[in-house]
There are 2 protein chains.
Amino acid sequence: MTVTLADVEAAAARLKGVAVETPLIESPALNERLGLRVLIKPETLQRVGAFKFRGAYNRLVQLTPDERRRGVVAFSSGNHAQGVALAARLLGIPALIVMPADAPAVKAEATKGYGAEVRFYDRLTESREKIAAEIAQERGATIVPAFDDPHIIAGQGTAGLELVRQAHALGASFDMVVSPTSGGGLTAGIATAVKALSPKTALWGVEPEGYDDTRASLEAGERRPMVPTRRTLCDALETPCPGELTFPILKAHLAGVAVISDAEAAAAVRYAFTTLKLVVEPGGAAALAALLAGKIEPPAGGTLGLVLSGGNVDPDLFARIVRGEI
Amino acid sequence: MTVTLADVEAAAARLKGVAVETPLIESPALNERLGLRVLIKPETLQRVGAFKFRGAYNRLVQLTPDERRRGVVAFSSGNHAQGVALAARLLGIPALIVMPADAPAVKAEATKGYGAEVRFYDRLTESREKIAAEIAQERGATIVPAFDDPHIIAGQGTAGLELVRQAHALGASFDMVVSPTSGGGLTAGIATAVKALSPKTALWGVEPEGYDDTRASLEAGERRPMVPTRRTLCDALETPCPGELTFPILKAHLAGVAVISDAEAAAAVRYAFTTLKLVVEPGGAAALAALLAGKIEPPAGGTLGLVLSGGNVDPDLFARIVRGEI
C-alpha cells in the first residue's frame with residue numbers, strides 16, 4: 001500500500017474550507033543569509049498550530065457513521081493530539097487522547113480545550129500503545145495513528161501540494177524542499193506531492209540528535225528502531241522509528257536527512273522570533289535549524305522550500321529560548 | 001496637499017519586488033472568538049519587521065542623485081529608524097538616525113545593523129527635532145519625517161491597497177478595517193486606499209492610553225497636541241499629536257478611535273503568541289487588543305481587516321509578557 005498524488009489531491013478536496021491554506025512567506029533577510037530564495041511554508045499558522053490537523057481531519061472525515069459514533073483514540077505528545085481533538089470536535093466525534101504526563105502543558109491544555117478526553121500515562125513505566133488499544137477495544141473506538149496510515153500521510157501531503165502550487169503561482173519551482181521529520185508522515189506526504197509534481201526537487205528531512213532513526217534507517221536500507229536514551233528540545237520529533245508505510249516512501253524520495261542539536265534548534269527558534277517574527281516550536285524549527293547551522297548545503301542561487309511544522313511551545317520554554325538561556 | 005489613490009498606486013509600483021507583499025492570514029480560532037471573518041495583514045512580516053519600510057523606501061527612492069549623495073536624517077524611537085536605515089542601505093544613501101537613549105535595544109541594534117549611524121539623545125532634556133535639524137543643516141542632508149509627508153503616507157497606504165486587493169482575490173470585501181494609530185501615517189495611508197476602493201468600509205484607529213491625541217483631536221475637530229505624562233507599553237505609538245497632513249485624512253475617513261490599556265496590549269501580544277503564532281510588539285498589536293477587549297464593536301458576521309503593524313520587541317519584554325508577568 002502506498003500513497004499517490006491522487007490520494008493527496010483527494011485529501012486536499014476534503015480539507016478545502018476546513019484547513020487553513022497557509023501562505024508562502026518570504027523573508028529578504030533569510031534569503032540574504034542563505035544566499036538563495038527561500039519560500040517558507042508556515043504550518044505554525046495551520047489550525048491547532050501545526051500541520052497535524054491536515055492528516056487527522058482527512059482520516060476522521062472518512063470514518064463511517066457507525067465508527068464516528070464509537071469515537072476515536074489517539075496517542076501523542078502533543079500536536080497530533082490537538083489535530084485529532086479539533087478534527088473530532090468539528091465532526092462531532094468523541095475523542096480520547098493518551099498523552100505522556102510530561103507533555104508540554106500548552107499542548108495538553110489545548111487538547112482538552114478542543115473537547116477531547118485526556119488520559120495521561122507515565123512515559124517510563126507505561127505503554128501508550130497498550131493503553132490506547134485497551135481503551136479502543138472497550139469502546140469499539142478507532143485508533144488514529146500519528147503517521148503510519150495512508151490517509152494521515154495523504155492529509156499531511158496537502159502541505160506539499162500547496163507548497164508546489166503556491167510557488168508555481170509566483171513563477172517559482174523548487175530545487176530543494178526541507179522539512180522536519182519524526183515518524184515521517186509529513187515528510188512522506190510532502191515527498192509524495194512534491195516528487196510527483198516536480199521530480200527534480202531534492203528532498204531533505206531533519207531529525208534531532210538522539211532521534212535520528214530515519215537517517216540511520218536510510219543508511220541501513222531498512223527500518224532501524226532505536227532505543228531513546230535522552231530527551232530532546234524537539235519534543236514533537238521524539239519518534240524512535242520511521243513507519244512501515246512512511247519508510248518506503250522516504251527511502252524512494254529523500255536525498256538525505258540532516259541531524260541537529262538542541263542548541264541549533266534553539267538558535268533557529270530565536271532566529272524565527274527575531275527576524276521572521278514567527279512563533280515556532282523547537283521541533284517545528286528543525287529544518288530552519290539545519291539550514292542556519294550549515295548542516296544542509298542549499299542550492300546556491302536556487303529556490304528552497306522550508307517547512308516550519310509547528311508553533312506549540314510553552315511560554316516559559318519560549319521565554320528561556322528567546323532570552324538566550326537555552 | 002493631500003494623498004490620492006493614484007499616489008498609493010505609484011508607491012506600490014516603486015515598492016514592487018522591494019517590499020514584501022505581506023500575506024493575508026486567517027485564523028479560524030480568532031474568527032470564532034470575534035464572531036466574524038478576520039483577515040489579518042501581518043506587517044510584522046514586512047522588511048524590518050514593520051510597515052515603516054514601505055513609506056521610507058517610497059520617500060528615499062524619489063530623492064535626486066544630489067540629495068542621495070548628501071544623505072538622510074530621521075528621528076524615531078525604532079521602527080521608522082529601521083525602515084529608513086534599510087531603505088538607505090538598499091539605495092546606497094548615507095543615513096543618520098536620532099534615537100532616544102531608552103529606545104528598545106532590539107530596534108537600536110537593528111538600525112545600526114542596517115548600516116545607519118545612530119545618534120542617541122535624552123528624551124527628557126533634549127529635542128530630537130533640534131538635533132536632527134542641526135545635523136541636516138551641517139550635512140545638507142534631507143530630513144525624512146516619520147509620518148507627516150505625502151510620500152511616506154502613500155508608501156504606508158500600499159498596505160491598505162494590498163489588503164483590499166488580496167481580500168478581493170478571496171471574494172471578500174471589508175465591512176471594517178482596524179489599524180494601530182500613532183502619528184497617523186499608516187492609518188491615513190490605509191484610509192486613502194481603502195476608502196477609494198471600498199467607500200462603505202468603516203475605518204477605526206487604535207491608540208494607547210496616555211497617547212490618545214488622535215481621538216481627542218477628532219472629537220475637537222482640530223489637532224490637539226497633548227503633553228505626554230507617562231510611557232506606554234506601546235513604544236511605537238508614543239506620538240503626542242496627529243500630523244498636519246495626516247489629520248485631515250483621518251478626519252475625513254475615520255469612523256472612530258479606540259483606546260487601549262497596557263494590560264490589553266499585553267493580552268493581545270499573548271494571544272498572538274499563543275493562538276496566532278505571530279510575534280507582535282505591543283503597539284503592533286493595538287488593533288487586535290481593541291477587538292479582544294471589546295473596545296470596538298465588530299460587524300457581526302461580517303468581514304474585518306486587522307492590521308498587525310510591527311513585531312520588533314525586546315526578547316526580555318516579550319518573555320515577561322508571554323509568561324504573564326505584564
Side-chain angles (χ1 to χ4, degrees), chain A residues 17-32 40 42-50 53 82 86 89-90 106 109-110 113-114 166 169-170 269-281 284 308 310-325, chain B residues 17-32 40 42-50 53 82 86 89-90 106 109-110 113-114 166 169-170 269-281 284 308 310-325:
Chain A
V18 183
V20 173
E21 182 179 330
T22 54
L24 283 194
I25 291 176
E26 191 168 358
S27 159
L30 181 59
N31 288 351
E32 200 174 304
I40 303 168
E43 281 296 299
T44 51
L45 307 180
Q46 186 51 264
R47 290 186 95 142
V48 313
F53 175 74
Q82 292 179 68
L86 177 58
R89 193 192 78 183
L90 295 174
V106 68
E109 286 313 309
Y114 294 123
Q166 290 168 319
L170 298 173
V269 170
R270 268 194 300 278
Y271 184 88
F273 166 77
T274 306
T275 303
L276 306 179
K277 310 300 179 189
L278 297 173
V279 176
V280 189
E281 63 184 281
L308 301 175
N312 294 315
V313 49
D314 268 336
D316 192 63
L317 175 63
F318 194 79
R320 283 159 58 211
I321 292 174
V322 299
R323 276 175 164 158
E325 293 164 13
Chain B
V18 182
V20 172
E21 183 179 330
T22 54
L24 284 192
I25 290 176
E26 191 167 358
S27 159
L30 181 60
N31 288 351
E32 199 173 306
I40 303 168
E43 281 297 298
T44 52
L45 307 181
Q46 186 50 263
R47 290 184 95 144
V48 314
F53 176 75
Q82 291 179 69
L86 177 58
R89 192 191 78 181
L90 295 174
V106 69
E109 287 312 310
Y114 294 124
Q166 290 169 319
L170 298 173
V269 171
R270 267 194 299 278
Y271 184 88
F273 166 77
T274 307
T275 304
L276 305 180
K277 309 301 177 191
L278 296 173
V279 176
V280 190
E281 63 183 282
L308 301 176
N312 294 314
V313 50
D314 267 335
D316 192 63
L317 176 64
F318 195 79
R320 283 158 59 210
I321 292 174
V322 300
R323 276 176 165 157
E325 293 164 14

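Hydrogens, waters and symmetry mates are skipped; everything else that's a heavy atom, side chains included, is used. Chain letters run A, B, ... following the sequence lines, proteins first and then strands; every chain starts at 1.
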Dump the intermediate steps for side chain to side chain contact (heavy atoms under 4.5 Å, CB included) on B/Val279 and A/Leu278, then the final yes or no.
CA-CA 5 Å; B/Val279 176; A/Leu278 297 173; 5.8 Å; no
Contacting region of A/Val313 [heavy-atom separation from chain B under 4.5 Å]:
both
Chain B contact via A/Phe318 - side chain, backbone, both or neither, heavy atoms under 4.5 Å
side chain
dist B/Leu170:CG -> A/Glu21:CD (nearest 0.5 Å) comes out at 9.0 Å
Can you tell which part of B/Val48 gets under 4.5 Å to a heavy atom of chain A, answering side chain, backbone, both or neither?
neither
Counting heavy-atom pairs under 4.5 Å with chain B, which one of A/Asn312, A/Val280, A/Leu24 comes out on top?
A/Asn312
Residues at least two apart in sequence or cross-chain that pass salt bridge (Lys or Arg N to Asp or Glu O under 4.0 Å) with A/Glu32, listed by chain then number, are B/Arg89
Counting only heavy atoms closer than 4.5 Å, note whether A/Thr44 contacts chain B via side chain, backbone, both or neither.
both
Can you tell which of A/Pro315, A/Ala110, A/Ala272 has the highest number of heavy-atom pairs within less than 4.5 Å of chain B?
A/Pro315
Member of A/Leu276, A/Ile40, A/Ile25 meeting the side chain to side chain contact (heavy atoms under 4.5 Å, CB included) criterion with B/Leu45
A/Ile25
When rounded to the nearest 0.5 angstrom, what distance separates NZ in A/Lys277 from CD in B/Glu281?
8.0 Å
State which residues pass side-chain hydrogen bond (donor to acceptor under 3.5 Å, both in side chains) with B/Glu109; sequence neighbours excluded, sorted by chain then number.
none
Nearest-0.5 Å distance, CZ of residue B/Arg320 to CZ of residue A/Arg323:
8.0 Å
